[in-house]
Amino acid sequence: MGKQPNLYAFNDVSSLARTLRTYVIQCQNAGFERHGLFKVAVSGGSLPSTLAKALLEPGEGGSDAPLDFAKWEIFFADERAVPLDHPDSNYKLLKDELLEKIPRPMGRPNVHPIDVKFLDDVQEMADQYQDALMQSFAAKDSVKLPIFDLLLLGCGPDGHTCSLFPNHELLRESDAWVAPVEDSPKPPAKRITLSLPVVTHGTKIAFVATGAGKKDIMKQIFDTEEGRSLPCGLVNEGGAEKVSWFTDNGAVEGVGFPRRGSL
Ligand SMILES: O=C1O[C@H](COP(=O)(O)O)[C@@H](O)[C@H](O)[C@H]1O
């Protein structure tokens, strides 16, 4: 058997958040050593609130190693084609949950929202976002892929991640770094998303999935053959041991895949 993703299960979201904090700090420090920055892609959905808990509330026994947000470069793993103050915006969610709450002395991250000039043209929006990535990663050659230090992902109840949905043609995208979505089955229909090769190319890839509402899809992803072709299953396959799942007991009830409680 090849190398496997890591599946961590915790009793509650607080203990999950403490370990996620340690993990993110390790990824941050590895990024600082590699290139003086931490380049991270962040999802929307339920992720920002758990991430904020991890980063802003160390809790008892949580790592007190420093977070230096001034050297963070944050991109979005996916974004909905809506204004930045719209309730569906992943940017707004991250801003409300995390960005605005970062104490000043911890520094201000460099955040890359979508260009709202292109709300009516998601192909143009995806191209522009890809250009922003190219500038950041200084790629001169279009065959190269950006290498995020960390991608922080969610898992939808249908097994989607980023805005990569089950059976969608975008799962076969092999050229674009960022792709437009015109027909998302989950509203809003128009979005942009990192492509699967960009996701699996990351140095580290972390999923956060909590609550009993995720247990059926978790079982499918980890314990069934069909689950391996779902978007989350494809990230597991492509990212293998670079992938870590941070879950609570409710989300993995009945999942047979071997799991651990700490890093
Ligand atoms: O639509 C989206 O959904 C996924 C999963 O969200 P969750 O609430 O089930 O965690 C999210 O990761 C993605 O960024 C978002 O656009």
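All of these numbers come straight from a predicted model, not from anything done at the bench. For ligands, and for the atoms within them, numbers begin at 1 and follow the listed sequence. All heavy atoms count here, side chains included; hydrogens, waters and symmetry mates do not.
In this structure, the ring of W245 has its center less than 6.0 angstrom from the ring center of F222.
For residues 182-202, no pair satisfies ring pair (Phe, Tyr, Trp, His ring centres under 6.0 Å), with sequence neighbours left out. Sequence neighbours left out, the pairs with a member in residues 13-40 that pass ring pair (Phe, Tyr, Trp, His ring centres under 6.0 Å) are Y23-F246, F38-W72. Sorted by first and then second residue, the salt bridge (Lys or Arg N to Asp or Glu O under 4.0 Å) pairs with a member in residues 244-263 read K215-E253; sequence neighbours excluded.
Between Y129 and F75, the ring-plane angle classifies as perpendicular under the 30° and 60° cut-offs.
To the nearest 0.5 angstrom, K101 atom NZ is 7.5 Å from D96 atom CG.
Sorted by chain and number, the residues within 4.0 Å of ligand 1 by heavy atom are S43, G44, G45, S46, D78, R80, N90, G154, C155, G156, H160, C162, K186, R191, K214.
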